[in-house]
Protein chains: 2
Amino acid sequence: MKRNSRLSSTLHILVHMTETQEHALTSEQLATFIHTNPVVVRRTIAGLRDAGIVTSSRGHGGGWQLGRAPEKISLAEISAALGETLLPFSTEPESPGCLVEQAVMAALDDFRVEAERLLAEKLSRITLADLAADFRRRYELIGVTSHAV
Amino acid sequence: MKRNSRLSSTLHILVHMTETQEHALTSEQLATFIHTNPVVVRRTIAGLRDAGIVTSSRGHGGGWQLGRAPEKISLAEISAALGETLLPFSTEPESPGCLVEQAVMAALDDFRVEAERLLAEKLSRITLADLAADFRRRYELIGVTSHAV
DNA sequence: GTTTCATGTAACTTAGTTAGTTACGAGTCT
DNA sequence: AGACTCGTAACTAACTAAGTTACATGAAAC
């Protein structure tokens with residue numbers, strides 16, 4: 001797993017889980033999908049479990065499954081559950097009391113709040129079911145999944 | 001200068017330059033505003049010079065000045081000149097050939113492109129003059145700039 | 001022309017973040 | 001009881017970005 005690809009890696013995992021809803025997938029299996037380590041998977045999607053997006057079970061036959069129908073899981077929820085920030089810049093003051101900084105931060109903060117609302121709204125319109133449907137469309141066209149690499 | 005605060009730090013600097021348009025400010029002076037090193041300042045705003053947002057001159061009385069009127073400098077330009085990415089996530093493939101990944105990346109990329117367009121549009125409506133005006137408003141209310149800390 | 005001041009930039013150091021790994025405890029099914 | 005799997009702490013490695021040092025280049029003052 002490369003840097004800054006937690007969202008895409010997680011979506012990758014979740015689409016696989018959508019395609020395999022009849023049984024659980026282990027961290028080990030999920031890890032191979034995104035070429036990483038089982039522990040990294042568990043750590044990464046722990047937040048999704050807390051958000052009810054996935055469930056995990058221990059022991060024989062255990063593993064991970066979707067917590068609810070993929071139509072009811074939006075990318076906005078997933079991103080939030082991962083603790084990802086939609087915007088990269090900070091608005092924490094470094095010179096409290098400096099009026100220049102206050103003016104800058106006020107403008108930036110206004111922008112950030114509105115931008116985040118906007119992005120979240122956009123992401124909330126895309127569901128896991130949409131991604132899975134697109135995958136199936138591609139699959140029917142080409143006919144191979146190829147996790148060979 | 002803290003991490004991930006390049007945009008806010010640069011804006012801080014630029015507002016100071018807006019308020020001091022009659023003469024140039026040295027990297028040394030700019031560095032004290034954002035509590036950092038002159039070299040870091042030069043490195044950070046080098047891109048702004050290439051974009052014509054600021055000009056620099058060497059030697060006695062040299063330093064940095066705005067390249068054009070603050071009304072004509074938008075935050076979108078500044079952000080772009082800094083080389084900042086508006087969105088933090090990557091859409092580079094890790095398993096080329098995997099159809100699941102292709103579906104995920106396609107959705108994410110669509111979102112990213114539209115989101116970036118949207119954010120840039122928003123940022124292009126805020127100019128340096130707006131920030132400077134807000135600073136002056138705050139200054140008239142309180143009466144101190146305070147770079148003491 | 002020499003001195004002084006300032007940028008431009010390369011090279012190195014330091015600090016912080018995150019993925020990756022190892023290890024082991026705690027449930028759960030057969 | 002034994003096999004299996006998650007949960008999590010602790011550590012290591014890799015990467016990124018800020019900070020620093022050093023010095024060359026250019027411009028103004030004298």
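Throughout, a chain's letter reflects where its sequence line sits, starting with A, and its residues are numbered from 1.
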Checklist entry - For the side chain of Arg6(A) and the backbone of Leu82(A), is there at least one donor-acceptor N/O pair under 3.5 Å apart? => result yes
Item to check | Euclidean distance, atom NE2 of residue His35(A) to atom C1' of dA19(C) [Å, nearest integer] | outcome: 16 Å
Checklist entry - Taking OP1 and OP2 of dC6(D), is either one under 4.0 Å from a side-chain nitrogen or oxygen of Ser27(A)? => result yes
Item to check | Sequence-aligned protein contact record of nucleotides 25-30 of chain C, with B where the base is within under 4.0 Å of a protein heavy atom and S where only the sugar-phosphate is | outcome: -BBBS-
Next on the checklist: Distance check needed: dA19(C) C1' versus Glu84(A) CD, whole Å only.
Outcome noted: 13 Å
Next on the checklist: Does a side-chain N or O of Arg42(B) approach OP1 or OP2 of dG8(C) to a distance below 4.0 Å, or not?
Outcome noted: no
Checklist entry - Would you find more than 12 non-hydrogen atoms of other residues, nucleotides or ligands less than 6.0 Å from Arg125(A) atom CZ? => result no
Next on the checklist: Using every non-hydrogen atom in the two residues, find where Pro38(A) and Ala31(A) come nearest and quote the distance to one decimal.
Outcome noted: N-CB, 3.6 Å
Checklist entry - What is the distance from CD1 of Ile13(B) to P of dT7(C), rounded to the nearest Å? => result 11 Å
Checklist entry - How close or far is atom C1' of dT7(C) from atom CD of Glu28(B), stated in whole angstroms? => result 12 Å
Next on the checklist: Any non-hydrogen side-chain atom of Leu119(B) less than 4.5 Å from a side-chain atom of Leu87(B)?
Outcome noted: yes
Checklist entry - Does the side chain of Leu7(B) reach to within under 4.5 Å of the side chain of Leu75(B), using non-hydrogen atoms? => result no
Item to check | Thr36(A) side-chain N/O to dG20(C) phosphate OP1/OP2 under 4.0 Å | outcome: yes
Checklist entry - When the distance from CZ of Arg49(A) to C1' of dT5(D) is rounded to whole Å, what number comes out? => result 12 Å
Next on the checklist: Whether the side chain of Arg43(B) and the base of dT20(D) hold a donor-acceptor pair under 3.5 Å is what I'd like checked.
Outcome noted: yes
Checklist entry - Should Thr26(B) be listed as having a side-chain N or O under 4.0 Å from OP1 or OP2 of dA6(C)? => result no
Checklist outcome for this item: Whole-Å distance, Gln65(B) CD to dT7(C) C1', equals 14 Å
Item to check | Side chain of Val40(B) (C-beta onward), nearest among dA18(D), dG20(C), dC6(D) | outcome: dA18(D)
Checklist outcome for this item: The reported gap from CZ in Arg42(B) to CH2 in Trp64(B) (rounded to nearest 0.5 angstrom) is 8.0 Å
Checklist entry - Can you tell me how far C1' of dC5(C) sits from NE2 of His23(B), to the nearest Å? => result 16 Å
Checklist entry - Taking the side chain of Val39(A) as heavy atoms from C-beta outward, which of dT22(C), dA6(C), dG20(C) is closest to it? => result dT22(C)
Checklist entry - Are the side chain of Glu140(B) and the backbone of Arg137(B) linked by a donor-acceptor contact shorter than 3.5 Å? => result no
Checklist entry - Taking for each residue the nucleotide of DNA chain D bearing the nearest heavy atom, is the 5' side occupied by Ala46(A) or by Gly62(A)? => result Gly62(A)
Next on the checklist: In whole Å, I'd like the distance from the CG atom of Asn37(A) to the C1' atom of dA13(D).
Outcome noted: 13 Å
